[in-house]
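Let me begin by presenting the structure, written as structure tokens, before commenting on it.
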Amino acid sequence: MTETAGTATSAETETVDFWFDSVCPFAWITSRWMLEVEKVRPVTVNWHVMSLSVLNEEQDIDEGYREMMDRAWLPARAATQVWERHGNGAVSRYYTAVGTRIHNEGQKDYEVAVRGALEELGFETEDILAAARTDVLDAKLRASHQEGIDQVGHDVGTPVVALNGTAFFGPVMTRIPRGEEAGRIFDATVTLAGYPYFYEIKRSRTTRPQFD
């Protein structure tokens, strides 16, 4: 970011890189915040695929979470298929369509959510679903995932947000900031990212994610 990126007066639009997994509720809230930021700050978001399934494939996790991670391959692989077939610009539209179904509408059958998103966008639904049931583009998925992880380390999850040459896990929120409030939180995040020796700020969550 330039020094004016935290204000609404700069004529130059800056890019924030955002790595997401469609099934993560915290990534979803942070992503909707960044869409709000785009309205009030000279910022555009470049969306990248990462995968909690990749992140946890070698981890000792409980059976219920492992079952979720097994199912979470499909949305991530479908996102990679959309990226491969329609370019990076289509990834944002896919994420919004599938994330709305999973989080706002509570659709926990990820294949149903992916199918509905692809149909809404007019993409090759059956072809993409068939390919997403395989590992045909996993090399591309893993490379995108690793690009995000390499910037923050391996003891994090989603989302990963990179700005001003610095990447963080988070910020993690349970509500979506709107309007100028979203801009002020972004300004604060830019300030923290600008200090080279800042790494972490955290407290226990006492509220659950809310998506409206």
Side-chain angles (χ1 to χ4, degrees), residues 16-39 44-57 61 64-145 148 157-161 172-178 182 208-212:
V16 173
D17 290 290
F18 193 112
W19 281 263
F20 70 91
D21 185 311
S22 301
V23 308
C24 176
F26 300 106
W28 179 247
I29 287 176
T30 306
S31 72
R32 301 309 94 180
W33 163 63
M34 282 307 311
L35 294 183
E36 290 290 314
V37 172
E38 285 186 313
K39 300 175 184 177
T44 187
V45 182
N46 191 23
W47 303 93
H48 305 269
V49 184
M50 67 182 298
S51 170
L52 290 172
S53 301
V54 172
L55 189 69
N56 288 286
E57 62 184 344
I61 57 180
Y65 194 63
R66 174 61 64 197
E67 187 273 335
M68 179 183 172
M69 290 299 94
D70 290 344
R71 294 188 297 112
W73 280 104
L74 185 71
R77 285 168 167 164
T80 310
Q81 285 290 328
V82 169
W83 179 21
E84 177 77 5
R85 294 164 185 251
H86 298 282
N88 185 261
V91 173
S92 174
R93 292 187 288 131
Y94 166 81
Y95 184 25
T96 291
V98 76
T100 297
R101 286 165 170 80
I102 292 172
H103 303 295
N104 295 72
E105 299 174 7
Q107 178 55 259
K108 300 309 179 186
D109 185 328
Y110 296 152
E111 180 158 341
V112 171
V114 170
R115 180 184 295 278
L118 295 173
E119 289 176 347
E120 175 189 326
L121 297 170
F123 293 156
E124 311 91 322
T125 301
E126 296 307 325
D127 287 349
I128 290 176
L129 274 171
R133 296 186 190 105
T134 76
D135 62 0
V136 64
L137 284 184
D138 275 12
K140 184 168 186 172
L141 169 59
R142 290 175 184 275
S144 179
H145 173 91
T158 60
V160 170
V161 180
V172 173
M173 299 175 279
T174 60
R175 300 294 187 276
I176 304 167
R178 307 286 185 182
R208 297 178 60 85
Q210 182 173 308
F211 307 118
D212 55 13

For [X] versus [Y], what's the shortest heavy-atom pair and its separation?
X: Ala182; Y: Pro177; value: CB-O, 3.6 Å
X: Ala27; Y: Thr158; value: CB-OG1, 3.9 Å
X: Met50; Y: Val160; value: SD-CG2, 4.0 Å
X: Val49; Y: Ser144; value: O-OG, 2.6 Å
X: Ala117; Y: Val98; value: CB-N, 3.6 Å
X: His103; Y: Val23; value: CE1-O, 3.2 Å

Considering only heavy atoms from C-beta outward, does the side chain of [X] approach that of [Y] to under 4.5 Å?
X: Thr96; Y: Trp47; result: no
X: Val37; Y: Trp33; result: yes
X: Trp73; Y: Asp138; result: yes
X: Gln210; Y: Thr174; result: no
X: Leu141; Y: Asp135; result: no
X: Glu38; Y: Thr44; result: yes

Next item on the list: Go through the steps for Asp127 and Arg85 under the test side-chain contact (heavy atoms from CB on, under 4.5 Å), then give the verdict.
Entry: CA-CA 11 Å; Asp127 287 349; Arg85 294 164 185 251; 3.7 Å; yes
Check: Run the side-chain contact (heavy atoms from CB on, under 4.5 Å) check on Tyr94 and Gln81 step by step: do they pass?
Finding: CA-CA 10 Å; Tyr94 166 81; Gln81 285 290 328; over 6 Å; no
Notebook entry, point to check: Taking the six-membered ring of Phe18, is the NZ or CZ of Arg32 close enough (under 6.0 Å from the centre) and on axis enough (within 45°)?
Noted result: no
Point-to-point distance, once rounded to the nearest 0.5 Å, from [atom1] of [X] to [atom2] of [Y]:
X: Ser51; Y: Met69; atom1: OG; atom2: CE; value: 7.5 Å
X: Thr100; Y: Gln107; atom1: OG1; atom2: CD; value: 12.5 Å
X: Ser31; Y: Ile176; atom1: OG; atom2: CD1; value: 7.5 Å

Check: Please walk me through it: do Phe20 and Trp28 pass ring pair (Phe, Tyr, Trp, His ring centres under 6.0 Å)?
Finding: CA-CA 8 Å; Phe20 70 91; Trp28 179 247; 9.3 Å; no
Donor-acceptor pair, side chain of [X] and main chain of [Y], under 3.5 angstrom:
X: Arg71; Y: Lys108; value: yes
X: Arg66; Y: Asn56; value: yes
X: Ser22; Y: Tyr95; value: no
X: Thr134; Y: Ala131; value: yes
X: Thr80; Y: Ala76; value: yes

Item checked: Residues Ile128, Arg77; criterion side-chain contact (heavy atoms from CB on, under 4.5 Å); working and verdict -> CA-CA 9 Å; Ile128 290 176; Arg77 285 168 167 164; over 6 Å; no
Item checked: CA sep, side-chain torsions, deciding dist, call: Arg93, His86, side-chain contact (heavy atoms from CB on, under 4.5 Å) -> CA-CA 11 Å; Arg93 292 187 288 131; His86 298 282; 5.6 Å; no
